[in-house]
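Quantities reported herein were computed from a predicted structural model and do not represent experimental measurements.
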Amino acid sequence: MRTDSPVTAATNAATEWLAARPDDFRQRLSIEEIYGADVFGLRAMRERLPKQTYKAFMRTVEEAEPLDLVVADVVASVMKDWAIERGATHYTHWFQPLTGSTAEKHDGMLIPTGDGEIVTQFSGSDLVQGEPDASSFPSGGLRATFEARGYTAWDPTSPAFIVRGPNHGTLCIPTAFVSWTGEALDKKTPLLRSMDAINTQAMRILKLFGTDEGVRCVRTSLGTEQEYFLIDRNLYFARPDLVTCDRTLFGAKPPKGQELEDHYFGAIPQRVIAFMADVEEELYRLGVPIKTRHNEVAPGQYEIAPIYEETNVACDHQMLVMEVLKRVAPRYGLQAILHEKPFAGINGSGKHNNWSLATNTGVNLLDPQDETHTNLQFMVFLCAVLRAVDLHADVLRASIASASNDHRLGANEAPPAIISIYLGDMLTDLVEQLEKGTPKRTLKGGALDLGARTLPQIPRHSGDRNRTSPFAFTGNKFEFRAVGSSAAVSWPNTVMNTIVAASLDSIASELEEATTRKQRKETLEAACKRVLKAIVKEHKRVIFNGDGYSEAWHAEAARRGLPNMRDSVTAFQVFGSRKAKALFKQYKVLSPAELDSRKHIFFEKYTKQIQIESEQMVLIARQHILPAAMRQQTELAEAVMATEGADVDASAARGALQAFSELVDQLRDKVDELDRLDDVHGGDDPAQHAKYLRDKVIPAMEDCRELADRVEVHVSADLWPLPSYREMLFIR
């Protein structure tokens, strides 16, 4: 191996980094001292705002009252003072455009006057509304390039925060982003609309059951687990595919991957856990309630997870988690990779989306409680989700579609593209009882006797877990496991909120009509049992508790009539259907034009990602792999000539040279073919172009990779120009 290679640099850097640090890296502040220190949340407002202003602000947050500009002025003044005290010099409206990441434009709060003085400037109007240029953000046809005006609007339900750097502090104000026409150009606006929709319909159910007393609203809650990879930065920058595409386009399978299953929950490497501690400290300062950290299944793969929050705040915090992972990793000579499948042949990364419903009084509406068969209100909410997922499985599947997630879904590591619900033994039994009549029992988990006197008996849950299910009930929430690790979770949660709101609307309407009509009036209990029985009978096909990875399930799902959209190009078409447009329009989440724009953007992003990858693949093959192969071929030829010159039988060496030369020729031909395919445009319509890339370019890329990976294992290590999988996955 060359002494100046990236692998040597990575190994030396890791060794030096660890040697330079004692076991206790530095004195840290306590969590109590740092948690929320850079967040202008309710505690800071309560302490600083006049009492009447605070009450008026809380009515906006909790009861959706319009925000008075006088109140906004007071909040802005206090927020400005708070931020400047903490070293902030600028503020930004922090928003989530349809790029899938965040955006910000910084303005100064400290303004030089020209006479040697500094004045502070940040008013209520600065807080409430900003005016960024909207022309360069994707709009999917909602706005032309020359129609540049857009607005950011303060979201008072998500707290402002300060992002710090070595020599700066910036006050970040979470905002929505809309066009001059008022149409949503972001992911937050539809999410907030969907939360309004589900609140309206859930409150109708609570009113029917008489459990709405003291309840002002119902909100969805969310806890999102984030999986990611870490590799040494020296190796990362030596891989053009990782730098450009965030995934490896080439790479032979190493002798050891995850076969021994020794990485999962294993001891966390010292450099990695130091990085994790720094990430957690930054997130604590930003008020992100991080709880879990551990090694994931694949070597080099890890997970971080928070506890539950209101969905809107949780989605903002999830964006911060991704940003902080990326920002902190270089301090430790590492690179965080959030792509769903950065390395072939080992597990990819997901983002398990734990979703539930709760009242503002803290009642979880998806908590079965002890005697679940008597909890009729819970069964209404459960059956609403059951109905929603079956009726709108196609929209739910499309909500997590992307070019990167296509590499992961359906493999032996992630839920299949078939959307089904895992309920577990207890709830499945309850649903079966409901279909037959009145539920009379709740299955109990009992206790586990571990067989050793020193070990306690532990309570066993009434249902197992199923990691192969894309949508699983896990105690008091649903876990949507199919979301990709690089995705912004706002969009799948917008879809979930909307489809469940539609089901709650349908159920509430039936129950209201049945319990209030003059003729044949029913009791609430009788009406519930009748309505829920019909729902179970019609939608139970979506319940599946078995192995979602098995071929038998694919056949069974087809027999049940469940959709199986195996790729994003197929899935995106769903957003153009009449059913989808009517759904989002009815609940005022997205207009038909807004939904069409998202469909257009999804296709456009897909095509751009595949084009970038295919063009990068051609470059790497021609600039790195084929030259290395030719050097190997030259060395083989010289060895054959030397052997023959020594009057020794060289037939075996000549055969190896012939076989290798043929392999290299095949690779060169495939690279040329891929290059020609890259030059052919699949059509001006992004959907048609995406189909062309899926059907022509991606198979050609797979052929190139298969040949290049075969070449790699036959090239001498000192000639191979790219860090190998073994090096990237195991150098820590």
Side-chain angles (χ1 to χ4, degrees), residues 92-106 130 132-140 142-143 150 152 155 158 160-161 163 165 170 172-179 184-192 222 224 226-229 236 242-247 279 282-283 286 288 304 311-330 335-342 349-351 353 399-405 483-494 568 597-598 600-613:
T92 180
H93 278 195
W94 184 80
F95 58 101
Q96 300 173 35
L98 294 171
T99 57
S101 56
T102 60
E104 52 195 60
K105 176 176 75 76
H106 297 192
D133 185 341
S135 63
S136 295
F137 290 108
S139 71
L142 286 175
R143 302 287 283 160
T152 49
D155 171 17
S158 186
F161 54 90
V163 169
T170 303
C172 297
I173 303 160
T175 57
F177 179 45
V178 298
S179 75
L185 295 176
D186 68 339
K187 301 201 172 188
K188 178 182 279 282
T189 303
L191 176 66
L192 292 173
L222 179 66
T224 307
Q226 174 73 59
E227 295 174 346
Y228 61 97
F229 279 84
Y236 171 81
L242 279 176
V243 173
T244 304
C245 309
D246 223 27
R247 79 177 183 100
V279 166
E282 286 215 11
L283 290 172
L286 296 171
V288 183
I304 184 171
T311 296
N312 178 41
V313 176
C315 289
D316 285 355
H317 282 172
Q318 171 56 210
M319 301 303 292
L320 285 175
V321 166
M322 293 193 289
E323 290 177 10
V324 170
L325 287 171
K326 288 277 194 180
R327 187 167 66 239
V328 173
Q335 182 72 27
I337 301 174
L338 303 179
H339 193 283
E340 283 76 1
K341 192 75 169 179
S349 297
K351 185 176 291 183
N353 193 91
S399 75
I400 47 89
S402 69
S404 53
N405 213 15
V483 182
S485 56
S486 67
V489 293
S490 304
W491 177 233
N493 281 283
T494 297
S568 293
S597 74
R598 276 135 182 91
H600 183 95
I601 289 168
F602 293 149
F603 273 121
E604 196 173 58
K605 183 175 181 180
Y606 178 94
T607 60
K608 289 176 179 177
Q609 281 185 290
I610 301 302
Q611 281 183 300
I612 290 169
E613 289 184 357

A.B. asks: How many angstroms lie between OG in Ser568 and CD1 in Ile400, if you round to the nearest 0.5 Å?
C.D. replies: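 Interatomic distance, Ser568 OG to Ile400 CD1, rounded to 0.5 Å: 7.5 Å.
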
A.B. asks: Which heavy atom in Thr494 sits nearest to a heavy atom in Pro190, and how many Å separate them?
C.D. replies: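 That would be CG2-O, 3.7 Å.
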
A.B. asks: Atom CG of Leu283 and atom CD1 of Ile304: how far apart are they, to the nearest 0.5 Å?
C.D. replies: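 Between atom CG of Leu283 and atom CD1 of Ile304 there are 5.5 Å.
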
A.B. asks: Looking at every non-hydrogen atom in both residues, tell me the closest pair between Ser139 and Leu185 and how far apart they are.
C.D. replies: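 Taking Ser139 first and Leu185 second, the nearest heavy atoms are CB-CD2, 3.9 Å.
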
A.B. asks: Please list every donor-acceptor pair under 3.5 Å in which a side-chain atom of residues 312-323 meets a protein atom from a residue at least two apart or in another chain.
C.D. replies:
{"from": "Asn312", "atom 1": "OD1", "to": "Lys188", "atom 2": "NZ", "distance (Å)": "2.9"}
{"from": "Asn312", "atom 1": "ND2", "to": "Asp155", "atom 2": "OD2", "distance (Å)": "2.6"}
{"from": "Asn312", "atom 1": "ND2", "to": "Thr157", "atom 2": "OG1", "distance (Å)": "2.8"}
{"from": "Asp316", "atom 1": "OD1", "to": "Gln96", "atom 2": "NE2", "distance (Å)": "2.7"}
{"from": "Asp316", "atom 1": "OD1", "to": "Lys188", "atom 2": "NZ", "distance (Å)": "3.3"}
{"from": "Asp316", "atom 1": "OD2", "to": "Ser158", "atom 2": "OG", "distance (Å)": "2.6"}
{"from": "Asp316", "atom 1": "OD2", "to": "Lys188", "atom 2": "NZ", "distance (Å)": "2.9"}
{"from": "His317", "atom 1": "ND1", "to": "Glu309", "atom 2": "OE1", "distance (Å)": "2.9"}
{"from": "His317", "atom 1": "ND1", "to": "Glu309", "atom 2": "OE2", "distance (Å)": "2.9"}
{"from": "Gln318", "atom 1": "OE1", "to": "Lys351", "atom 2": "NZ", "distance (Å)": "2.9"}
{"from": "Glu323", "atom 1": "OE2", "to": "Thr102", "atom 2": "OG1", "distance (Å)": "2.4"}

A.B. asks: Nearest 0.5 Å, please: how far is OG in Ser399 from CZ in Arg598?
C.D. replies: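 Arg598 atom CZ to Ser399 atom OG measures 13.5 Å (nearest 0.5 Å).
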
A.B. asks: Please find the pair of heavy atoms, one from Leu338 and one from Asp246, that lie closest to each other, and give the distance.
C.D. replies: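 Taking Leu338 first and Asp246 second, the nearest heavy atoms are N-OD2, 3.7 Å.
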
A.B. asks: Return yes when atom NZ of Lys326 has more than 12 non-hydrogen atoms of other residues, nucleotides or ligands closer than 6.0 Å, and no otherwise.
C.D. replies: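 Yes, the 6.0 Å shell around NZ holds more than 12 heavy atoms from other groups.
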
A.B. asks: Calculate, to the nearest 0.5 Å, the distance between atoms NE2 and SG belonging to His106 and Cys172 respectively.
C.D. replies: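 Going from NE2 on His106 over to SG on Cys172, the span is 6.0 Å.
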
A.B. asks: Determine, stepwise, if the pair Ile612 / Gln609 fulfils side chain to side chain contact (heavy atoms under 4.5 Å, CB included).
C.D. replies: CA-CA 5 Å; Ile612 290 169; Gln609 281 185 290; 5.9 Å; no

A.B. asks: To the nearest 0.5 angstrom, please state how far the CZ atom of Phe229 sits from the CG atom of Leu325.
C.D. replies: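 Spacing of CZ (Phe229) from CG (Leu325) equals 13.5 Å.
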
A.B. asks: Can you see which heavy atom on Ala403 is nearest to which on Ile610, and at what distance?
C.D. replies: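 Scanning both residues completely, I find the closest heavy atoms to be CB-CD1, 4.0 Å.
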
A.B. asks: Contact between Val163 and Glu104 at the side-chain level, heavy atoms closer than 4.5 Å - yes or no?
C.D. replies: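 No, their side chains stay 4.5 Å or more apart.
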
A.B. asks: Under a 4.5 Å cut-off applied to non-hydrogen side-chain atoms, are Thr99 and Pro138 in contact?
C.D. replies: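 In short, these two side chains touch, coming nearer than 4.5 Å.
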
A.B. asks: With Thr152, which residues qualify under side chain to side chain contact (heavy atoms under 4.5 Å, CB included), at least two apart?
C.D. replies: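 Residues passing side chain to side chain contact (heavy atoms under 4.5 Å, CB included) with Thr152: His93, Phe95, Pro132, Thr175, Phe177.
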
A.B. asks: Can you classify the ring geometry of Trp94 versus Phe161 as parallel (below 30°), tilted (30 to 60°) or perpendicular (above 60°)?
C.D. replies: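 Judged by the thresholds at 30° and 60°, the geometry between Trp94 and Phe161 is perpendicular.
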
A.B. asks: Please find the pair of heavy atoms, one from Leu98 and one from Asp186, that lie closest to each other, and give the distance.
C.D. replies: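 Reported closest heavy-atom pair: CD2-O, 3.7 Å.
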
A.B. asks: Once you round to the nearest 0.5 Å, how far does OG of Ser485 lie from CD of Glu340?
C.D. replies: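 The OG atom of Ser485 sits 4.0 Å away from the CD atom of Glu340.
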
